[in-house]
Amino acid sequence: KFMMRVGRTLPPVASPLSWKDIVSGVWGLCRGGRETERFSSELQAHFSKKYCFLVSSGKAALTLILQVLKEERPERDQVLIPAFTCYSVPSAIVRAGLTVILCDIDPVTLDFDYRQLQGKLDNPRLLCVVPVHLFGMPADVERLRVMIKDPAVVIVEDAAQAMGGIWEGGMQGTQGDVGVFSLGRGKALSTVEGGVILTDRDELGRVLARKFEELDTYRGVEILRLFFYALALKVLSHPSLFWLPKALPFLRLGETIYDPHFPMRKMTEFQSGLARNWLRKLDALQATRRAAVAEWLRLLRSPLLSINTTNPPALLRFPVLMANAESARVVLA
């Protein structure tokens with residue numbers, strides 16, 4: 001039964017756009033390719049990486065990387081990922097024509113269960129391992145690197161939900177052989193949709209550049225769709241109005257749908273324009289999220305998760321580990 005509940009409603013995750021952002025997006029369209037070059041150069045400089053590629057989504061970014069790795073190592077066809085992660089990760093692996101291999105997670109860190117992981121790394125068909133900073137919770141990429149003895153196995157760092165995150169002095173998304181950010185709605189920074197690839201590896205960067213040039217571009221009607229979507233995000237993500245899109249079932253808000261047939265395109269100048277002054281916006285959003293995490297830690301006192309209370313991460317969502325199934329049922333009731 002469909003019911004519409006009118007009233008103040010908080011989006012589960014928000015990376016708000018301003019009217020200034022939308023004007024910048026339109027100005028980006030007018031500037032053309034110079035706008036995407038600007039955004040790409042700023043990302044390269046900030047994250048200290050030689051190569052940066054801007055695509056239509058985080059899963060498109062992951063797929064492009066996997067296609068290149070598969071081309072380099074055709075005898076390897078398996079990708080090892082955490083068993084608890086976003087559906088977009090396995091959908092990208094399947095889209096690249098590869099096989100998903102699962103490893104359980106540590107329920108306290110949401111990172112790999114490293115005891116189980118050790119036995120899965122000795123695999124001649126293993127192409128790469130994908131550590132995931134789920135919700136912004138840091139994955140221990142350096143520990144993973146030490147465990148991998150096969151030099152042919154690549155670390156593809158999924159920082160789709162962790163752009164701007166810092167852990168043990170390093171920026172999340174820069175510690176693997178290649179890193180991925182997502183700029184979709186509800187991520188740390190949003191350009192409506194979009195993805196970023198960063199790497200220092202010359203051979204990988206050169207092949208990625210070739211494959212990137214083969215990607216399609218957005219058509220005019222698709223750019224118009226992005227523009228109206230940006231307007232909707234600006235207006236309807238406000239708590240006083242979010243009840244409206246949340247009440248419309250065909251929008252399927254909050255759903256993550258497994259679909260290996262998603263489009264792969266180059267990012268538009270409009271999206272790059274939306275990202276003007278991205279670092280200032282990202283810093284402000286992350287400061288707000290860290291403050292919210294600190295407050296939740298204070299209120300819950302013992303969430304049973306391994307979260308640094310002295311310098312909490314900027315989580316997109318605050319995960320809570322329940323002591324047992326009955327406790328979970330009481331909270332969710």
Side-chain angles (χ1 to χ4, degrees), residues 33-81 88-98 126-133 141 145 148 150-160 162-163 171-184 187 189 191 193-218 260 262-269 271-272 275 278:
R34 290 175 296 169
E35 192 67 11
T36 50
E37 290 172 9
R38 172 202 58 78
F39 186 28
S40 180
S41 296
E42 290 175 0
L43 289 166
Q44 280 178 272
H46 178 72
F47 292 103
S48 300
K49 293 296 179 181
K50 291 182 183 178
Y51 301 93
C52 177
F53 304 96
L54 304 177
V55 294
S56 53
S57 65
K59 55 190 173 183
L62 180 55
T63 302
L64 192 67
I65 293 167
L66 296 176
Q67 288 175 339
V68 168
L69 295 178
K70 181 185 178 185
E71 189 175 297
E72 290 182 333
R73 301 275 182 177
E75 74 281 5
R76 295 176 179 253
D77 63 351
Q78 297 184 359
V79 179
L80 182 57
I81 66 172
S88 297
V89 178
S91 71
I93 295 169
V94 172
R95 174 69 189 272
L98 298 167
L126 187 61
L127 179 66
C128 64
V129 183
V130 183
V132 179
H133 302 293
V141 180
R145 188 180 298 282
I148 296 174
D150 186 345
V153 175
V154 176
I155 297 176
V156 181
E157 186 180 357
D158 182 351
M163 187 177 188
M171 289 186 283
Q172 291 169 291
T174 67
Q175 299 162 310
D177 298 306
V178 57
V180 172
F181 295 130
S182 173
L183 302 177
K187 296 302 191 294
L189 179 77
T191 57
E193 58 190 39
V196 179
I197 301 171
L198 293 170
T199 188
D200 267 338
R201 291 182 50 168
D202 287 319
E203 184 179 355
L204 180 59
R206 286 192 292 267
V207 183
L208 277 168
R210 175 175 57 80
K211 295 285 285 187
F212 174 77
E213 289 305 319
E214 296 172 2
L215 292 179
D216 292 335
T217 57
Y218 283 75
F262 52 86
M264 293 176 61
R265 304 185 180 97
K266 297 176 183 177
M267 183 180 287
T268 68
E269 295 83 359
Q271 291 157 288
S272 296
W278 64 274

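The residues of the chain are indexed from 1 along the displayed sequence. As the structure is a prediction and not an experimental result, all values here were calculated from the model.
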[X] vs [Y] side-chain heavy atoms within contact, under 4.5 Å:
{"X": "Asp158", "Y": "Pro131", "result": "no"}
{"X": "Leu54", "Y": "Glu37", "result": "no"}
{"X": "Cys128", "Y": "Leu66", "result": "yes"}
{"X": "Thr199", "Y": "Asp177", "result": "no"}
{"X": "Leu183", "Y": "Met267", "result": "yes"}
{"X": "Ile81", "Y": "Val132", "result": "no"}
{"X": "Val129", "Y": "Val156", "result": "no"}
{"X": "Ser40", "Y": "Phe53", "result": "no"}

*When you measure from the centre of the six-membered ring of Phe212, is the NZ or CZ of Lys266 under 6.0 Å away and within 45° of the axis?*
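That pair qualifies as a cation-pi contact.
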
*Within 45° of the axis and under 6.0 Å from the centre of the six-membered ring of Phe262, does NZ or CZ of Arg95 qualify?*
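Flagged: Arg95 positioned over aromatic ring of Phe262.
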
_Aromatic plane relationship, Trp278 with His46 - under 30° parallel, 30 to 60° tilted, over 60° perpendicular_ =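 If you compare the ring of His46 with that of Trp278, the planes turn out perpendicular.
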
Point-to-point distance, once rounded to the nearest 0.5 Å, from [atom1] of [X] to [atom2] of [Y]:
{"X": "Ile197", "Y": "Lys211", "atom1": "CD1", "atom2": "NZ", "result": "11.5 Å"}
{"X": "Ile93", "Y": "Lys59", "atom1": "CD1", "atom2": "NZ", "result": "13.5 Å"}
{"X": "Met264", "Y": "Leu64", "atom1": "CE", "atom2": "CG", "result": "5.0 Å"}
{"X": "Leu198", "Y": "Ser48", "atom1": "CG", "atom2": "OG", "result": "10.0 Å"}

N-O pairing of [X] and [Y] below 4.0 Å:
{"X": "Arg265", "Y": "Glu193", "answer": "no"}
{"X": "Glu269", "Y": "Arg34", "answer": "no"}
{"X": "Arg76", "Y": "Asp150", "answer": "yes"}
{"X": "Asp200", "Y": "Lys50", "answer": "no"}
{"X": "Glu35", "Y": "Arg38", "answer": "yes"}

*Go through the steps to decide whether Leu69 and Leu204 satisfy the test side-chain contact (heavy atoms from CB on, under 4.5 Å), and finish with yes or no.*
CA-CA 8 Å; Leu69 295 178; Leu204 180 59; 4.0 Å; yes

*Starting from the C-alpha separation in whole Å, work towards a yes-or-no answer on side-chain hydrogen bond (donor to acceptor under 3.5 Å, both in side chains) for Gln271 and Thr268.*
CA-CA 5 Å; Gln271 291 157 288; Thr268 68; 2.7 Å; yes

*Decide side-chain contact (heavy atoms from CB on, under 4.5 Å) for Glu71 and Val207; before the verdict, give the C-alpha distance in whole Å, the side-chain angles of both, and the deciding distance to 0.1 Å.*
CA-CA 9 Å; Glu71 189 175 297; Val207 183; 3.9 Å; yes

Smallest separation among heavy atoms of [X] and [Y], with atom names:
{"X": "Lys187", "Y": "Ala160", "result": "CD-O, 3.6 Å"}
{"X": "Thr36", "Y": "Ser272", "result": "CG2-OG, 3.0 Å"}
{"X": "Gln44", "Y": "Cys52", "result": "CG-CB, 3.4 Å"}
{"X": "Lys70", "Y": "Leu127", "result": "N-CD2, 3.9 Å"}
{"X": "Ala275", "Y": "Thr191", "result": "CB-CG2, 3.8 Å"}

*What do you reckon, is CD of Glu203 surrounded by more than 12 foreign heavy atoms closer than 6.0 Å?*
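No.
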
_Leu80 vs Leu126, side-chain contact (heavy atoms from CB on, under 4.5 Å): CA-CA, chis, key distance, verdict_ = CA-CA 7 Å; Leu80 182 57; Leu126 187 61; 3.8 Å; yes

*What's the verdict on side-chain contact (heavy atoms from CB on, under 4.5 Å) for Leu43 and Lys49, showing C-alpha distance, side-chain angles and the deciding distance?*
CA-CA 8 Å; Leu43 289 166; Lys49 293 296 179 181; over 6 Å; no

*Measure from the side-chain N and O atoms of Glu42 to the backbone N and O of Phe39, and report whether any donor-acceptor pair falls under 3.5 Å.*
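Judged by distance alone, no pair lies under 3.5 Å.
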
